[in-house]
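Take a look at the structure set out below.
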Amino acid sequence: MGGLSFWHVLVIAVVVVVVFWHRHIPGALGALGTAIGKRRHKAPRRAADNTIEGTFTRRDD
């Protein structure tokens with residue numbers, strides 16, 4: 001008892017960030033959201049049968 005645990009340090013770090021860098025938080029979260037959005041749009045879309053969707057040529061025989 002009496003020592004700082006991981007959770008104490010984490011709470012202190014969050015408080016410091018909120019107090020001193022509160023103006024930068026929206027910009028950082030916006031950049032993070034943009035990066036995640038770009039990454040999601042880059043990933044190939046997969047169909048239910050685990051094949052990559054794409055174009056195909058229809059053959060009327």
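All residue numbers in this chain count up from 1 along the given sequence.
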May I have the list of side-chain donor-acceptor pairs in residues 15-31 shorter than 3.5 Å, sequence neighbours left out?
none

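- Each of Leu4, Leu10, Val11 was checked for a side chain to side chain contact (heavy atoms under 4.5 Å, CB included) with His8, and the lone residue meeting it is Leu4.
- Contacts of Leu32 classified as side-chain contact (heavy atoms from CB on, under 4.5 Å), with partners at least two apart in sequence or in another chain: Ile36.
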